Amino acid sequence: MAKKIPHRDKLEQIATIIAESKRVLILEHEKPDGDCIGSGLALALVVSSLGKKAMLLSQDPHPATYDFLPGAHLHTMTSCLEPEETDPDVTVFLDCTGPERAGEALSYARSKTWINIDHHVSNSQFGHASLVDPDAAATGELVFFLLKAMGAAIDTDVATCLYAALVSDTGGFRYQNTSPRCFHVAAELIDSGANPSQVADYLYETRSLSSLLLLKNALHTLALHKGGKLASIDVTAQMLKDARASFEDANSVIDYPRSIAGVEVALCFKENQDQATVHLSLRSRSKVDVSKVAVSLGGGGHPRAAGAVVEGTLEQVRARVFGVLDGLGIWTDS
Ligand SMILES: [Mn+2]
């Protein structure tokens, strides 16, 4: 079991700040994913159980996939209140490489003290106290150790949220970030009441009809490039409309080009409704660091999973992205 708490000094510093605070604001990044949602709900539940005011805030809604997680009553969106209506003693940024990743929620971070907890290599080390550990499979893994440092009890609700964060960021314990420590933490969370089959069922075995109809249309655009090492797929604004699908419904579309035998890099181009920007998702199987490609396009992420929002029409963005990929010189070695 994970008896030893890593980063004990930093975690105790963060725990002290939280202990001395009455109003704790927890911020998620734009388009929140399972890791920052699970981590945020878990931390908010614990802070609230300590008799403090806890608010989990995000610019964008939580995808319906995560509706099963406890603690939703502590979550608010920026569209529901003005920055002046919050008066936090401390603001905790979760899973954010920099403060700007919180999007509109950043203007609510009006406390003197900022805490930064993240596992992205590209984190800018902002904040008065920070814990950035790229070896952590998920921010949820770090929040687990923070709760230990706080001496907080991890009940079934908190365990479920953190377990979902781990499952989500490791793709169900399948990605390269899946480490022994991550499994140790997962085991403790199961001991504390998290239900692995229930979480897996919600995250991987349940999908909206819209997302399946969207996938049906998107698959028509599946294309291979670079001798089969690069695969791309498009999700147009029209497809989203026809399937009555949301942007979140398109999240798993990229798994299909990535799954093709021989493909090293997969791209998913998602056209915005205004057709003026395109959300690009990138995945790689084992060799190419797609976070570098994303950063060169103004985005970010991890070596195996990254993304960027690129200005232009679908055709313009495609040309630009293929230009960047051509420059990598990695496609001719077979
Ligand atoms: Mn994460």
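Side chains are part of it too, since the values below use all heavy atoms of this structure and drop only hydrogens, waters and symmetry mates. Numbers here are sequence positions counted from 1. Just follow the structure's listing: the first ligand is 1, and inside any ligand the first atom is 1. Everything quoted here is computed from the prediction, not taken from an experiment.
Residue C36 does not count as close to the Mn ion (ligand 1), with no N, O or S atom under 2.8 Å. Not one N/O/S atom of D118, from backbone or side chain, sits under 2.8 Å from the Mn ion (ligand 1). Not one N, O or S atom of D33 sits under 2.8 Å from the Mn ion (ligand 1).
The salt bridge (Lys or Arg N to Asp or Glu O under 4.0 Å) test applied to K10 returns no partner, not counting sequence neighbours.
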Scan the side chains in residues 36-43 for donor-acceptor partners under 3.5 Å anywhere in the protein, sequence neighbours excluded, and list what turns up.
| from | atom 1 | to | atom 2 | distance (Å) |
| --- | --- | --- | --- | --- |
| S39 | OG | D35 | O | 2.7 |
| S39 | OG | D35 | OD1 | 3.3 |
| S39 | OG | G140 | N | 3.1 |

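Within D35, the N/O/S atom positioned nearest the Mn ion (ligand 1) carries the name OD2. For the Mn ion (ligand 1), the nearest N, O or S atom contributed by D95 is named OD1.
The pair R181-D135 does not meet the salt-bridge criterion, since no charged nitrogen lies less than 4.0 angstrom from a carboxylate oxygen.
Considering NZ of K148 and CD of E188, their distance stands at 3.5 Å, rounded to 0.5 Å.
Rounded to 10°, the angle that NE2 of H119 and OD2 of D169 form at the Mn ion (ligand 1) is 90°.
Transitive grouping of hydrophobic side chains (ILVMFWY, heavy atoms separated by less than 4.5 Å) brings L50 and I14 into a common cluster.
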